[in-house]
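Encoded as structure tokens, the structure appears first; notes follow it.
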Amino acid sequence: MPDLPLDFSAISQLYCARAYQLSCVKGIDSSSPATDFGGAVHKFVEARGLGDTRSAIVICSELSTKYKAPLDKLIMCAVKIDLVYKFGPPLLDTQSTPLIEYKFSIPYREMDGYNIILCGTIDRIEYRNNCLVFPDWKTTACTGAALERAMSEYANSFQLPFYLYIIHKYLSKFLPPDLEKAALSLNMSGIYRYICHSFNPVDIRESSEIYLSPEDILYIEELIDYCIPKMISIHKRNTLCPPEGSIYKMCPKCNFRDLCAIRNHDRLIDTINKQPTRKYDPTNFR
């Protein structure tokens, strides 16, 4: 019985059956220079969180090569992060795994011949004032009204509630006693940290804290169960899905929009078949 990974990125692709099919079924890489740059910044934060004390220039030089990210911009972000945040030793789970870039893979249920696996990567878990805090890093080139819109969209995003739910429901048993108690009692919050690299100097903004209520847990489980049948139906489909995102005006935000702009069906299929692919495996991304 094959595994069907269900992570936040997969769920977020379900606004369009074709986008999900191309990314999560066919395995076409939907990354872009913007997402690659974000990956480089995440890796810098991970390095600092794990105790790498080398200069920002040295770390960024390595990351710039790996992620093909602009070195000067990456260094500016890294220096700003070092100025704003002082990373102490990371929290550890009961297996002594640092709670930084913390990967999870949890069997959820079987359905229609698939093992549904809840999975993903949590940027970081902190503990202060008897509360677990989940900071999630975002990089953005937006400024002004566009930045305000982007931050507003994340305020309603499913991502942090999904992570809080996973820790509360499944991963609390892997935490030491104080952290386990906080997770089980819902003494948790998530926060987005936006690295605004179009500002000079680079600016960092934090969202208000996002909490999880008992009612939210029920909603999250409903949303997960709502998504699964659609995911399975797309996996079982043998033909190209329609560009569903066009109904919701989502195409400008989609990294597959250039493919969908090909109106000749045979040429579209031929172009899709020529794209490099990799197995969709969220636990090995970034």
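The model shown is predicted, which means the values in this text are computed figures rather than measured ones. We number each residue from 1, following the sequence as shown.
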Can a donor-acceptor pair be found, under 3.5 Å and without considering hydrogens, that links the side chain of Ser23 to the backbone of Ala19? no

For Tyr15 against Ser12, the heavy-atom pair lying closest together: CD2-O, 2.9 Å

Output yes when a side-chain donor or acceptor of Glu209 lies under 3.5 Å from a complementary backbone atom of Ser189, and no otherwise. no

Where the side chain of Gln21 meets the backbone of Thr239, is there a donor-acceptor pair that is under 3.5 Å apart? yes

Can you tell me if NZ on Lys253 sees more than 12 non-hydrogen neighbours from other groups inside 6.0 Å? no

If we only count heavy atoms from C-beta on, is the Phe134 to Ile191 side-chain gap below 4.5 Å? no

Once rounded to the nearest 0.5 Å, what's the spacing between atom CD1 of Ile106 and atom CG of Leu6? 11.0 Å

I'd like to know whether Cys60 forms a side chain to side chain contact (heavy atoms under 4.5 Å, CB included) with Leu71, so could you lay out the CA-CA distance, the side-chain angles of the two residues, the decisive distance to 0.1 Å, and finally the verdict. CA-CA 7 Å; Cys60 290; Leu71 179 58; 4.0 Å; yes

Measure the shortest side-chain to side-chain distance between Ile167 and Ile125 over non-hydrogen atoms and say whether it is less than 4.5 angstrom. yes

Return yes if some donor-acceptor pair links the side-chain N/O of Arg237 with the main-chain N/O of Leu240 below 3.5 Å, else return no. yes

Scan side-chain atoms only and decide if Asn187 and Tyr127 contain a donor-acceptor pair under the 3.5 Å cut-off. no

Are the side chain of Thr65 and the backbone N or O of Ser61 linked by a donor-acceptor pair below 3.5 Å? yes

Rounded to the nearest 0.5 Å, how far apart are CG of Leu179 and CG of Leu171? 12.0 Å

Assess whether atom CG of Asn129 is packed by more than 12 heavy atoms of other residues, nucleotides or ligands within 6.0 Å. no

CE/Met76 to NE2/His197 distance, rounded to the nearest 0.5 angstrom? 9.5 Å

Aromatic plane relationship, Tyr108 with Tyr170 - under 30° parallel, 30 to 60° tilted, over 60° perpendicular: perpendicular

Given the rule in the side chain to side chain contact (heavy atoms under 4.5 Å, CB included) test, do Met111 and Ile232 qualify, once you have shown the distances and angles that lead to the verdict? CA-CA 8 Å; Met111 185 173 179; Ile232 290 175; 3.9 Å; yes

Work out which heavy atom in Gly113 is nearest to a heavy atom in Pro2; give both atom names and the distance. O-CD, 3.3 Å

Without swapping roles, check the side chain of Arg257 against the backbone of Cys254 for a donor-acceptor pair under 3.5 Å. yes

Polar contact flag, side-chain donor to acceptor under 3.5 angstrom, Asp281-Asn284: yes

Exam field: side chain Asn264 to backbone Asp266, donor-acceptor pair closer than 3.5 Å: yes

Is the shortest side-chain N to carboxylate O distance from Glu206 to Lys138 below 4.0 Å? no

Checking side chain to side chain donor-acceptor pair (under 3.5 Å) for the pair Tyr163/His168: CA distance, chi angles, key distance, verdict? CA-CA 9 Å; Tyr163 292 160; His168 167 74; over 6 Å; no

Same cluster (ILVMFWY, side-chain, under 4.5 Å), Leu164 and Leu99: yes

Between Glu221 and Tyr165: side-chain donor-acceptor atoms closer than 3.5 Å: yes

For the residue pair Tyr20 and His235, confirm or rule out a side-chain donor-acceptor distance under 3.5 Å. yes

Is a side-chain donor or acceptor of Asn115 paired with a backbone partner of Met1 at a separation under 3.5 angstrom? yes

Kindly indicate whether the side chain of Ile224, heavy atoms from C-beta on, has any atom under 4.5 Å from the side chain of Ile228. yes

Is there a side-chain contact between Arg193 and Tyr85, using heavy atoms and a 4.5 Å cut-off? yes

Judged by atom type as modelled, is there a donor-acceptor pair below 3.5 Å linking the side chain of Ser64 to the main-chain atoms of Ala69? yes

Flag side-chain contact, heavy atom, 4.5 Å: Ile217 against Leu212: yes

Tightest non-hydrogen contact, residues Cys241 and Ile234, listed as SG-CG2, 4.0 Å

Should the heavy atoms of other residues, nucleotides or ligands under 6.0 Å from CD1 of Ile57 be counted, would the total exceed 12? no

Is there a side-chain contact between Tyr114 and Lys236, using heavy atoms and a 4.5 Å cut-off? yes

No-hydrogen, no-angle side-chain donor-acceptor test under 3.5 Å, Thr121 and Lys103: yes

Ser198 and Thr143: which non-hydrogen atoms are nearest, and at how many Å? CB-CG2, 3.8 Å

First locate atom CD1 of Ile11, then atom SG of Cys227, and finally report the distance between them rounded to the nearest 0.5 Å. 5.0 Å

Derivation of the ring-ring contact (aromatic ring centres under 6.0 Å, His included) call for Phe8 and Phe162: CA-CA 7 Å; Phe8 170 72; Phe162 179 62; 7.4 Å; no

One pair to check against salt bridge (Lys or Arg N to Asp or Glu O under 4.0 Å): Arg54 and Asp52. What are the steps and the verdict? CA-CA 6 Å; Arg54 294 178 297 166; Asp52 191 333; 2.9 Å; yes

Connected via hydrophobic side-chain network under 4.5 Å: Ile75 and Ile81: no

Looking at Phe104 and Thr283, what are the two nearest heavy atoms and their distance? O-CG2, 4.0 Å

Could you grab the distance from atom CD1 of Ile117 to atom CZ of Arg109, nearest 0.5 Å is fine? 12.5 Å

Are any of the side-chain heavy atoms of Arg128 and Glu126 separated by less than 4.5 Å? yes

Is there a path from Leu175 to Val133 through hydrophobic residues (I, L, V, M, F, W, Y) whose side chains come within less than 4.5 Å of each other? no

Value rounded to 0.5 Å, distance of CD1 in Ile195 from CG in Asp203: 10.5 Å

Arg48/Asp82 salt bridge by N-O under 4.0 Å criterion: yes

If hydrophobic residues (ILVMFWY) are linked whenever their side-chain heavy atoms come closer than 4.5 Å, directly or via other members, who joins Tyr211 in its cluster? none

Out of curiosity, does Leu50 fall in the hydrophobic cluster containing Val41 (side-chain heavy atoms, cut-off under 4.5 Å, transitive links)? no

Examine Tyr192 and Phe158 and state if one hydrophobic cluster contains both, with Ile, Leu, Val, Met, Phe, Trp and Tyr joined whenever side-chain heavy atoms are less than 4.5 Å apart. yes

Is any side-chain heavy atom of Ile262 less than 4.5 Å from a side-chain heavy atom of Ile272? no

If you measure from the Lys or Arg side-chain nitrogens to the Asp or Glu carboxylate oxygens, is any gap between Arg124 and Asp136 under 4.0 Å? no

Looking only at non-hydrogen atoms, find the nearest pair between Thr139 and Gly38 and report the distance. OG1-CA, 3.4 Å

Begin from the C-alpha positions of Gln275 and Leu259 and carry the test side chain to side chain contact (heavy atoms under 4.5 Å, CB included) through to its verdict. CA-CA 10 Å; Gln275 301 298 309; Leu259 280 177; 4.1 Å; yes

In sequence, state the C-alpha distance, the side-chain angles, and the governing distance for Thr140 and Leu147, and then conclude on side chain to side chain contact (heavy atoms under 4.5 Å, CB included). CA-CA 8 Å; Thr140 178; Leu147 175 59; 3.8 Å; yes

Keeping Thr271 on the side-chain end and Arg267 on the backbone end, is there a donor-acceptor pair under 3.5 Å? yes

